[in-house]
Structure formats: C-alpha cells, structure tokens
*Asks:* 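Pasting a structure here, questions to come.
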2 protein chains.
Amino acid sequence: MKTGEISAAVIRRLPRYYRYLGELLNRGVVRISSKELSDRMGVTASQIRQDLNNFGGFGQQGYGYNVEYLYSEIGKILGLDQKNMMIIVGAGRLGQAIANYSDFEKRGFLIRALFDIDPEVVGTSVHGIPVFHMSEMEKFVKDNQIYIAAIAIPKEAAPTVANELVKMGVKAIWNFAPTDLALPREVAQENVHLTESLMRLSYKLKAKEEE
Amino acid sequence: MKTGEISAAVIRRLPRYYRYLGELLNRGVVRISSKELSDRMGVTASQIRQDLNNFGGFGQQGYGYNVEYLYSEIGKILGLDQKNMMIIVGAGRLGQAIANYSDFEKRGFLIRALFDIDPEVVGTSVHGIPVFHMSEMEKFVKDNQIYIAAIAIPKEAAPTVANELVKMGVKAIWNFAPTDLALPREVAQENVHLTESLMRLSYKLKAKEEE
DNA sequence: GTCTTTTTGTCTTGAATTTAACAAGCCATT
DNA sequence: AATGGCTTGTTAAATTCAAGACAAAAAGAC
C-alpha cells in the first residue's frame, strides 16, 4: 500500500467508492464484484479494479470483494481509521453549518472548537462545540494537536489566517473562502469553492438548453 | 462560440479563470498575456490558450488579452450574463448559509425562496428571503420560472425531492446531500459532497506526512 | 474430485488531455 | 514605414488516463 505517486483522478473517486461500500455494508451485503459495483456507480469495472490495485489487491478471483474488508481498507487509505482533530475558523453561518454536520464526526473528524472575532458569537457554542476568540487560537491549536483547520471567513482575511495556522502547526487546510491560498508544499489543501461550483452548474444548464 | 463537446476538465477550470480576471479587473489591469496569467495561476500558458480557444479567439498577437473583454466573454460562456432564479430546498444551517452568501447574487444568481417542513423555520426569512413550507413549492416554482434548485436536506429525502423538482420544471440541481441523484439526462447536475472533500483532504494530509 | 463459471489482477491498446513548438500577426519604436 | 520583439492561435508530440482483453486463480456445481 504505497502512497505518493497516485494520480489525483484516482483520489477523487475513492471517497465515492467508500460511500457506496458503506451503503452496501448497511444493507448487509457481504460480497460484491467489480462488475456489480460498476453497474450501480456508472463507471467501468475495469476502472474500479485499476483504482483499487493502486493500493493493493483487495479481492479474490471468482469471488469478488468482501464489502466489509474493502470498506475498511479504503477507510485506511483515506486516513479514516484514526481520529482527526479539527477546528473551524469563522463561526458565521457557513462555519456553523459545518460544525453542525454530524457526518464528519462519524468518519473520525472531531471538531473541537470554532474561532471568530465577532463578540456576538464568541462565548456561545454550536452543536456543543465552543466558539472562542481568534486570539486564543494559537494556544488551542498547540495544546490540542490540531492538524486540520477549516477556513470559513471572508476572502480578504483568508490568506493571512491560513499562513498563521500553518505557523501554529496546522498541516491541512480545508478552504471555503473564494480565493487560492499560497501554502508551503508540505501543507495539504482542499478547496470548496461554492461560487465556482454554481458557475459550472450554470454552464451545464446552458449547454443542455442549447441541445 | 459553440458549446456541446467541451471536455469536463475545461469547464472545471473556467470559473477559476473568471475569478482571477475579476480580481485583475478590480485592480485596474487592462491587458494580460497568457504567460503572465499562467504564472499567477500556476498553470501553463499553453493550457490557458487552448482552453479559451475552445470557445473562440479572444486575444490578439503581440498584445495578449483585454481583461475586461475576456472577463465578460467567459461570463457569457458560463451563463452569467443573465439573471438566474433559484430556490433552496432545506432551510437548515446549510441552506441558510447558502442563502446568506451574497456572492451568488453578484453573479446573477437570485435566490427567491427557501423551503422546509420544519414549523420552526417556515414563515421566517433569511437574508431577506422568505422560508415557505414545502407544500407551496410546486406553485412557487411554476409561477416564478425557477430553473435552478439547491438541495440541502438529509440524504434520505434528497432523491425523491429532486425528482419532484424536475417534474415541476427545474432544469438544474445543485446537490449538497451526500448521495447521488438519478436525474434525467436533460437535467443539469452539480454535486457538492463535503464529506468526500474532507476525505480527500485527509488523504492528502496522510500522503504528505509519509514523505 | 473434477469441471465449469466467475472474477480478479494485470497487460495491452486506445482515447483524451496536457505540454511543447512554431508560423502568423500585431504592437511599439525608431 | 520598416524592423524587432511579443504573443496569439494552432498544430504536433508527449504524457496521462481509461477501456478492453485475457491468463490465472478461486468458487461453486455436479
């Protein structure tokens, strides 16, 4: 299970496999073939097999894949077999929405605190998670070994805050601000650019209309 | 400017070009070359030129691209030159967060109503946008020519609601529920799967740690 | 226990995407 | 107005990615 030179396209698909396998597991399905999975997911069986074989052989000829085992293995690949402590910077509506989304917790992502500068929200709590003032962030990050931070603040402040977070020891940034962050290469980054997503939808709408 | 057989990879990048050009425009930059843009954006100049040439020649040899013109043209390609009426189904934290995000409005996406079944929120308003009961959705969609709907409800209800929306006349679905929707091919669809995004971040974090 | 069917892992082929290269054309300067 | 320097649009090469094919291996039937 060597990582490193796995293509981005494969990584993009892995969580979806994981989700489907989780559903199968809940339904009590014990085994599944790449063919059957490919029919459900609308991809080719070949692609599934090739994607998985980037990380090792998880199946057996004549049998297919054991759902529980494969689910667990993909979970390990994605780092879901360990607890990940997180914070959310920005306790506006978006930050609060993220804090409320209990799916993350189920996958081992534990949101430990939110941070904001607005006195209206500092001192309150969301979904049982405390909202602190940003001035307390550095101490919190260091004391609690926080490696993942979600950024849900206006785009003007995002680059500065992101760099500060990295200096504090954060290793992964989940960026919701509509801007690109110039982070050191050793820091993981994943953007959620909602406006761009909506624009793509708009394009698709237009393209379908023109048919 | 023919659309139709443009690859998904190109569409994925277009909104980002649009965002950068918007920033340049705000800063008063009049012209830019593909080389300069590529340096800022971390892609190759060749890719920028080829992406744009899918839609037509917007530049001039020896000069580059006029920022305002190119910005406007990409906007047209993405369908941002017209107003798009939207609704949000689900007025929980996520639905409310989307409703509050005024960037969409700036791009011509006008959120006209939210819908929910929770009596706690029905009758209230978010960011000046009314929250109605789901039972009023059909009439509203038809009366107001709503073509785009965001779905921010639990995954169990999402597929049913999505299909109902399509029957009502909705042509594009922006899906925030962590499930895949089986929609007719003539309906545009764009998923925002936050849990999958977070898993990808987790993978990247793990991969960087292992270096 | 043997034979057939199933299904993986991998190899090969083909397609799509990205990068590189370059002629043609425009700008700017003298 | 002619020349040199840029920069595009486009063609060609290289790379990456996806699909197809198939031998090897296990399961299941008889």
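So you know, we letter chains A, B, ... as the sequences are listed, proteins then strands, and number each from 1. Below, each value reflects all heavy atoms present in this structure, side chains not excepted, and no hydrogens, waters or symmetry copies.
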*Asks:* By the definition side chain to side chain contact (heavy atoms under 4.5 Å, CB included), identify the one residue from B:L37, B:L52, B:L24, B:L21 that meets it with B:Y65.
*Replies:* B:L52
*Asks:* Can you see if the side chain of B:R49 gets near the phosphate of D:dT8 - specifically, an N or O under 4.0 Å from OP1 or OP2?
*Replies:*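 Looking at the OP1 and OP2 atoms of D:dT8, one of them is under 4.0 Å from a side-chain N or O of B:R49.
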*Asks:* Taking CD1 from A:I6 and P from D:dT16, how many angstroms apart are they, rounded to a whole number?
*Replies:* 14 Å
*Asks:* Describe, in one word, how the ring planes of B:F115 and B:F132 are oriented to each other, choosing from parallel (under 30°), tilted (30 to 60°) and perpendicular (over 60°).
*Replies:* tilted
*Asks:* Rounded to the nearest angstrom, tell me the gap between atom CG in A:N53 and atom C1' in D:dC17.
*Replies:* 16 Å
*Asks:* Could you tell me which residues satisfy salt bridge (Lys or Arg N to Asp or Glu O under 4.0 Å) with B:E105, sequence neighbours excluded, listed by chain and number?
*Replies:* none
*Asks:* Assess A:R112 against A:F140: is NZ or CZ under 6.0 Å from the centre of the six-membered ring, and within 45 degrees of the ring's axis?
*Replies:*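 Not satisfied by the 6.0 Å and 45° rule.
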*Asks:* Please report the distance, rounded to the nearest Å, between CD1 in A:I48 and C1' in D:dG20.
*Replies:*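 About 15 Å, once rounded to whole Å.
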*Asks:* Expressed as a whole number of angstroms, how long is the span from B:F58:CZ to D:dG9:P?
*Replies:*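 Distance, rounded to whole Å: 9 Å.
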*Asks:* If a pair means Watson-Crick or G-U wobble with both distances below 3.5 Å, what does DNA chain D look like in dot-bracket form, with | marking bases paired to a different strand?
*Replies:* ||||||||||||||||||||||||||||||
*Asks:* Hey, mind stepping through A:K204 and B:E190 against salt bridge (charged side-chain N to carboxylate O under 4.0 Å, His left out) and telling me if it holds?
*Replies:* CA-CA 9 Å; A:K204 289 179 194 169; B:E190 172 84 11; 2.7 Å; yes
*Asks:* At their closest point, which heavy atom of B:R31 faces which heavy atom of B:G62, and how far apart are they?
*Replies:* NH2-O, 3.9 Å
*Asks:* Return no unless some side-chain N or O of A:Y65 is found under 4.0 Å from OP1 or OP2 of D:dA26.
*Replies:*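 A:Y65 to D:dA26 OP1/OP2: no side-chain N or O under 4.0 Å.
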*Asks:* Hey, do the aromatic rings of A:F104 and A:W174 have their centres closer than 6.0 Å?
*Replies:* yes
*Asks:* Can you tell me the distance, in whole Å, between the CG atom of B:L52 and the P atom of D:dG9?
*Replies:* 8 Å
*Asks:* Heavy-atom contacts under 4.0 Å between residues 13-46 of chain A and DNA chain D, which residues?
*Replies:* A:R13, A:R31, A:T44, A:S46
*Asks:* Would you kindly compare B:Y63 and A:Q47 by the position of their nearest DNA chain D nucleotide and give the one closer to the 5′ end?
*Replies:* B:Y63
*Asks:* Between B:E73 and B:K76, does any side-chain N to carboxylate O distance fall below 4.0 Å?
*Replies:* yes
*Asks:* Roughly how many Å is it from CD in A:Q61 to P in D:dA26, rounded to a whole number?
*Replies:*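 After rounding, the reported distance stands at 6 Å.
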*Asks:* Count the heavy atoms of every other residue, nucleotide or ligand shown that sit under 6.0 Å from NZ of A:K35, and state whether that count exceeds 12.
*Replies:* no
*Asks:* What pairs of donor and acceptor atoms, side-chain ones from residues 146-166 of chain B against any protein atom, are under 3.5 angstrom apart with sequence neighbours left out?
*Replies:*
| unit_1 | atom_1 | unit_2 | atom_2 | d |
| --- | --- | --- | --- | --- |
| B:N163 | ND2 | B:P159 | O | 3.2 |

*Asks:* Whole-Å distance between D:dC17 C1' and A:I11 CD1?
*Replies:*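 Between C1' of D:dC17 and CD1 of A:I11: 14 Å.
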*Asks:* Taking heavy atoms of chain A and a 4.0 Å limit, find me the 5'-most and 3'-most nucleotide of DNA chain C within that range.
*Replies:* C:dT6 to C:dC11
*Asks:* Apply salt bridge (Lys or Arg N to Asp or Glu O under 4.0 Å) to A:D103 and list each qualifying residue two or more places apart in sequence or on a separate chain.
*Replies:*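 For A:D103 the salt bridge (Lys or Arg N to Asp or Glu O under 4.0 Å) partners, ignoring immediate neighbours, are A:K106.
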